[in-house]
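Working notes for the structure below.
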Amino acid sequence: MSNTAELLKGAAELFPDEVVTQAHVRHLDLPGAGRFALITLDNGLDHTKPTTFGPQSLANLDAAIDQVEAEAKDGTITGVGITGKPFIFAVGADLKGVELLKKHEEALAIGKGGHDVFKRLSSLAVPTFAYYNGAAMGGGVEVGLHCTYRTVSKAIPAFSLPEVFLGLVPGWGGCALLPNLIGADRAVSVIIENSLNQNKQLRGKQVFDLGIADALFDGADFLEQSLLWTASVLKGETEVVRAEVDRGEAWDQAIERGRTFADSKVHGAAPAAYRALDIMAAAKNGDLRQGFDAEDQALADLIMGGELRSGIYAFNLVQKRGKRPAGAPDRSLARPVNKVGVVGAGLMASQLALLFLRRLEVPVVLTDIDQERVDKGVKYVHDEIDKLLLKGRINQDKANRLKASVTGSLDKAAAFGDADFVIEAVFEEMGVKQQVFAELEAVVPAHAILATNTSSLSVTEMASKLKHPERVVGFHFFNPVAILPLLEIVRGERTDDAALATAFGVAKKLKKTAVLVKDAPAFVVNRILVRFMGEIQNVIDEGTPVAVAEKAVEPLGLPMSPLVLLELVGPAIGLHVSETLAAAFPDRFKVSPNLAAVVKAGKRGFYVYDSGKPELDPEVAALLVQGDSVLTEEQVRARVLEAIAQEIGLMLDEGVVAEAQDIDLCLITGAGWPFHLGGVTPYLDREGVSERVIGRRFLPQGVASVPA
């Protein structure tokens with residue numbers, strides 16, 4: 001048994017639940033190019049289930065390479081190809097097993113095992129070819145980088161090296177091989193920028209344009225065309241010419257660009273991006289062995305670190321818990337929705353109308369207080385459909401159908417008399433919303449669901465004056481509606497299972513991440529964010545300089561600073577929600593007099609951007625009235641984290657959501673909090689804040705952390 005086989009056999013014991021990938025070898029006669037060996041990766045599951053690489057899967061690929069290596073040596077074959085089952089090439093390491101690793105040497109073995117197998121493809125006595133026929137991520141991309149040539153399908157929807165996004169580095173050759181293939185600048189875009197931009201995926205043509213693949217073919221006959229191209233390469237009829245890689249100053253500039261970008265995203269708070277950049281910087285000399293060794297060490301270090309565990313935890317929340325919401329009622333209770341009504345035609349309402357129209361493809365009708373507003377809302381939807389048409393996202397026929405399906409009316413009875421689901425998006429004031437629901441109840445069918453997009457008001461109180469409050473449900477979207485996945489579904493005290501099941505059914509069709517939330521002030525995301533931003537505003541009011549307060553939370557690596565977030569939300573909305581929470585929980589929430597002054601002055605935020613970067617608006621600075629209590633960055637950060645931990649503990653005690661996992665899922669999908677934090681509770685556990693504040697961890701040891 002080879003050293004690699006022994007290494008993988010030992011590692012396999014650490015992955016008890018591995019979905020094993022087979023590596024089948026078959027032989028083909030290529031026209032004029034001799035006998036060819038094709039390795040196909042297949043985990044035996046249906047075509048929607050991804051193929052991954054755990055220790056046993058790597059061992060199977062290693063055995064297949066044993067076979068083709070012997071055939072290459074004796075001249076039986078002229079080349080070797082590797083591809084995946086239909087629609088999926090391979091999506092990388094088996095993360096389920098990685099979570100279970102407890103020792104640094106175990107993690108190191110995983111890195112070395114992958115390297116030892118993959119690099120055999122580059123040392124065979126015949127040319128090797130990777131055929132990216134479907135989704136390829138992480139190790140799936142890297143196994144192809146070890147081949148001599150690569151082809152890619154135009155139909156590929158997702159191609160990426162997402163490791164940095166999760167808290168790892170591309171550790172099976174990606175950091176060392178990719179910059180040496182396409183240059184450091186493009187490699188930084190793929191490994192760092194795309195990962196930290198919410199794991200942005202490449203499509204097939206982009207993969208080809210970047211130079212990662214040498215040929216691009218249609219999806220319908222991709223493998224056949226790839227094999228014909230392979231034959232032409234083996235016969236010498238096709239010569240693959242690649243751009244020369246610039247190993248001079250451009251390489252160094254690319255690495256610096258990557259560091260600047262990483263700083264802007266994680267502010268040094270997560271090590272993965274910087275470890276990847278260090279390896280890429282060292283790869284400039286082309287020493288692949290040194291690069292592979294550095295990848296092994298980085299993988300082992302990061303696997304044993306909290307950021308990766310949090311990243312995997314966050315990934316599982318989004319991919320699993322987010323698709324099977326805790327507490328959702330039996331879906332069989334859901335009622336069909338064949339027409340949707342939207343009360344309001346402002347920006348938020350218009351965004352909602354567009355989303356319902358695109359995802360449900362049913363008639364959608366908007367109403368408002370005057371025709372001008374209604375027309376403006378319908379025009380917004382039409383304009384957005386035209387943009388989709390121009391981008392090639394939809395064809396002309398579909399654009400025409402969608403436009404014909406959205407209408408506006410001033411007559412609620414005519415508009416909603418046959419609607420199955422009506423959502424209001426009007427001014428955030430209880431009396432206004434109660435009046436809207438009273439008007440709706442008088443005209444909608446008996447089976448219709450009434451939904452509110454309220455961000456903080458009580459759904460129970462909103463429905464309290466209705467004859468049938470059981471059909472009212474909270475349906476809280478986050479802005480921008482098309483981008484943020486979260487949908488907080490709020491159950492009022494009298495909301496029945498049919499209304500709730502219908503709401504969850506609609507959320508699924510909208511492709512939103514739905515979380516069941518108790519009817520409590522500001523629900524989940526806004527309650528936590530207001531407590532978070534409230535503490536920042538409190539320390540500013542007390543005397544800490546704005547710059548110090550903002551910089552204090554940079555180590556969290558949040559997508560934007562608290563005051564920039566306030567600007568995005570809108571100071572007036574922030575003030576309104578803080579007033580709601582201050583009324584509900586006066587012992588913990590305060591209304592900042594400085595924020596109130598900013599809103600009264602009509603300011604859109606604390607900053608101006610005349611210099612190209614945020615600077616405190618002099619007019620806002622003149623409004624601020626501060627005390628004389630000045631805190632350090634460390635003191636501010638501790639105070640903010642303790643406040644968040646206290647609030648989450650109280651929310652869990654109140655049953656606002658089922659578990660801490662739902663808090664994290666909400667923050668990730670509704671507020672863009674980074675995967676390396678795992679939302680927030682893993683970070684609070686890791687830093688000891690949870691136990692200091694509430695006397696216990698939010699998550700058991702081993703969940704988003706190294707097992708005990």
Hey, can you pull the donor-acceptor pairs under 3.5 Å for the side chains in residues 579-591, sequence neighbours left out?
unit_1: Thr580; atom_1: OG1; unit_2: His576; atom_2: O; d: 3.1
unit_1: Arg588; atom_1: NE; unit_2: Glu647; atom_2: OE1; d: 2.7
unit_1: Arg588; atom_1: NH2; unit_2: Glu647; atom_2: OE2; d: 2.8

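Counting only N and O atoms by type, the side chains of Asn43 and Thr21 include no donor and acceptor under 3.5 Å apart. No side-chain N or O of Tyr683 forms a donor-acceptor pair with one of Asp664 less than 3.5 Å apart. Side-chain atoms of Ser456 and Asn526 include no donor-acceptor pair closer than 3.5 Å. When only modelled atom types and interatomic distance are considered, Gln297 and Arg275 share no side-chain donor-acceptor pair under 3.5 Å. At a cut-off of 3.5 Å, with distance as the only test, a side-chain donor of Asn197 or Lys265 sits close to an acceptor on the other residue. Under the 3.5 Å distance criterion, with hydrogens and angles disregarded, no donor-acceptor pair is assigned to the side chains of Arg321 and Thr513. A donor atom on one side chain and an acceptor atom on the other are found under 3.5 Å apart for His104 and Asp301.
With Ser705 contributing its side chain and Gln701 its backbone, the two residues share no donor-acceptor pair below 3.5 Å. Side chain of Gln635 to backbone of Thr632: a donor-acceptor contact under 3.5 angstrom is found.
Judged as a side-chain contact (heavy atoms from CB on, under 4.5 Å), and not counting sequence neighbours, the contacts of Ala176 are Leu288, Phe292, Glu295. In terms of the ring pair (Phe, Tyr, Trp, His ring centres under 6.0 Å) criterion, residue partners of Phe165 (sequence neighbours excluded) are, by chain and number, Phe675. Under the ring pair (Phe, Tyr, Trp, His ring centres under 6.0 Å) criterion, Phe53 pairs with Phe118, not counting sequence neighbours.
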Candidate pair Arg309 and Asp685, rule salt bridge (charged side-chain N to carboxylate O under 4.0 Å, His left out), full reasoning: CA-CA 12 Å; Arg309 307 291 171 140; Asp685 286 347; over 6 Å; no
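Listed by first and then second residue, the side-chain hydrogen bond (donor to acceptor under 3.5 Å, both in side chains) pairs that reach into residues 157-177 are Ser160-Gln201, sequence neighbours excluded. Residue pairs meeting the side-chain hydrogen bond (donor to acceptor under 3.5 Å, both in side chains) criterion with at least one member in residues 474-487, sequence neighbours excluded: Gln351-Asn479, His476-Glu488.
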